[in-house]
Amino acid sequence: MEKRRIKLMVSRQSWTMPYAIFAAIFVVLPLLLIVAFAFTDEEGCFTLYNFQKFLTHPEAINTFVYSIGIAFVNTLICIALGYPAAYILAQTKMKYSSTIVMLFILPMWVNVLVRTLATVALFDFVDIPLGETALLFGMVYNFIPFMIYPIYNTLQKMDRSYLEAAEDLGASPFQRFYKVVLPLSMPGVASGILMVFMPTISTFAISELLTMNNIKLFGTTIQENINNSMWNYGAALSLIMLFLIGASTFIAGDDASQEGGIR
């Protein structure tokens, strides 16, 4: 029996080897290269100059702050539009809800560049100049499915007995939503925020196409430095972005765990 158990464990470990090799080559190794380039100069010597350059470069700081602002506004719009949509779709009495959810997710099957070019054509057709308004519209259009689906999925899996208990205790519809539905949906909201906020900061194609490259986001700054062979400075900016992603993930995960229960 013991030999059979050991053999089973060995076989399971062998199945994980391809995934471990893939993660090592395409996840761990690129991260290590980013760290190595970020803390070295062109001669390969250790330095903190790349980070000092970012902190003393007003244009880079302004782009970083502006990108966070655009991401914040885009995330708020996606929540304001996506949460009611997900809530309505999650109602069991609504017919064809799965079909409507599929219609929301369907644009995700199309490449983001194709969708952005279609948005550019739409603004040209209605004769609206490209700029910040077009940028926000394109951001919401591209990322709102990433907000709707996690919230919808969380609401779908919610235990309906909590709502029935709140109703039996005399809670009003607003109280049931505020005290039961909203706290239980926070993990989905947190996932949606992560899936919308961080890609908004790091994207560059959407801002280039919808603003005629007049508005730059932080992702554009990283891309330009990499394209100009400024690998060390570009790696430092990428590491700053990774740190922001990690901090946002930690904060959102902690908030979701605290908000997940009934208050």
Side-chain angles (χ1 to χ4, degrees), residues 30-42 47-80 111-120 123-124 128-144 146-147 190 192-252:
L31 291 177
L32 292 177
L33 289 175
I34 290 175
V35 173
F37 275 101
F39 287 97
T40 55
D41 55 18
E42 295 181 356
T47 182
L48 296 177
Y49 172 76
N50 299 312
F51 298 95
Q52 181 183 356
K53 181 180 179 180
F54 169 73
L55 295 175
T56 57
H57 195 191
E59 184 178 352
I61 294 291
N62 292 336
T63 301
F64 183 67
V65 174
Y66 180 80
S67 300
I68 294 178
I70 285 290
F72 184 75
V73 173
N74 179 47
T75 304
L76 286 181
I77 296 175
C78 287
I79 292 176
N111 186 276
V112 63
L113 291 177
V114 176
R115 283 181 280 154
T116 305
L117 289 173
T119 306
V120 174
F123 272 77
D124 288 340
I128 298 178
L130 299 177
E132 192 172 63
T133 302
L135 176 61
L136 281 174
F137 181 88
M139 291 287 189
V140 173
Y141 169 64
N142 279 285
F143 293 115
I144 195 170
F146 296 99
M147 181 65 70
I193 290 174
L194 286 177
M195 296 174 68
V196 171
F197 185 80
M198 295 315 306
T200 302
I201 297 178
S202 59
T203 187
F204 58 90
I206 298 176
S207 59
E208 289 181 0
L209 293 173
L210 290 177
T211 66
M212 303 297 292
N213 208 22
N214 293 321
I215 296 179
K216 294 183 179 180
L217 298 183
F218 199 60
T220 307
T221 304
I222 296 175
Q223 180 217 20
E224 290 178 347
N225 282 279
I226 297 297
N227 288 343
N228 293 329
S229 298
M230 300 175 65
W231 294 89
N232 303 95
Y233 184 53
L237 298 180
S238 300
L239 193 60
I240 293 172
M241 177 66 64
L242 289 174
F243 176 78
L244 182 61
I245 293 173
S248 301
T249 304
F250 176 79
I251 294 173

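For the single chain, residues carry numbers from 1 onward in sequence order. Values below: all heavy atoms of this structure, side chains included; hydrogens, waters and symmetry mates excluded.
Expressed to the nearest 0.5 Å, how far SG of Cys78 lies from CG of Asn142 amounts to 9.5 Å. Remark: Phe64 CZ to His57 NE2 distance equals 15.0 Å, nearest 0.5 Å. For the atom pair Ile193 CD1 and Phe72 CZ, the distance stands at 9.0 Å (nearest 0.5 Å). Considering CG of Leu117 and CD1 of Ile206, their distance stands at 11.0 Å, rounded to 0.5 Å. The OG1 atom of Thr119 sits 6.0 Å away from atom OH of Tyr141, with the distance rounded to the nearest 0.5 Å.
For Asn225, there are no side chain to side chain donor-acceptor pair (under 3.5 Å) partners two or more places apart in sequence or in a different chain. For Glu224, the side chain to side chain donor-acceptor pair (under 3.5 Å) criterion is met by Lys216, not counting sequence neighbours. Residues forming a side chain to side chain donor-acceptor pair (under 3.5 Å) with Asn50 (at least two apart in sequence, or on another chain): none. In this view, Val120 and Asp124, Leu130, Leu209, Leu210 satisfy the side chain to side chain contact (heavy atoms under 4.5 Å, CB included) rule, not counting sequence neighbours.
Considering all non-hydrogen atoms of both residues, Ala235 and Ala38 come closest at CB-N, 3.7 Å. Scanning both residues, Ser238 and Ile222, for their nearest heavy atoms gives OG-CG2, 3.4 Å.
Screening residues 49-78 for salt bridge (charged side-chain N to carboxylate O under 4.0 Å, His left out), with sequence neighbours left out, gives no hits. Residue pairs satisfying the side-chain hydrogen bond (donor to acceptor under 3.5 Å, both in side chains) criterion with at least one member in residues 62-75, sequence neighbours excluded, are listed as follows: Tyr66-Glu132, Asn74-Thr200.
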- request: In sequence, state the C-alpha distance, the side-chain angles, and the governing distance for Phe197 and Ile68, and then conclude on side chain to side chain contact (heavy atoms under 4.5 Å, CB included).
  value: CA-CA 8 Å; Phe197 185 80; Ile68 294 178; 4.2 Å; yes

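A distance-only check finds no donor-acceptor pair linking the side chain of Thr203 to the backbone of Pro199 [under 3.5 Å]. For Asn111 (side chain) and Leu113 (main-chain N/O), a donor-acceptor pair under 3.5 Å exists by modelled atom type. A donor-acceptor pair is defined here as one N or O able to donate and one able to accept, closer than 3.5 Å; such a pair exists between the side chain of Asn232 and the backbone of Phe37.
Residues Met139 and Val196 have side chains not in contact (no heavy-atom distance under 4.5 Å, counting atoms from C-beta outward). Ile70 places a side-chain heavy atom less than 4.5 Å from the side chain of Leu136. Looking only at side-chain heavy atoms (C-beta outward), Ile215 and Glu208 stay at 4.5 Å or farther from each other. For the pair Ile128 and Thr133, the minimum side-chain heavy-atom distance is 4.5 Å or more.
Using the six-membered ring where Trp is involved, Phe54 and Phe218 have ring planes that are perpendicular, over 60° apart on the 30 and 60° scheme. Note: Phe146 and Phe143 have tilted aromatic rings, judged against thresholds of 30 and 60 degrees for the angle between ring planes.
A distance below 6.0 Å separates the ring centres of Phe39 and Phe51.
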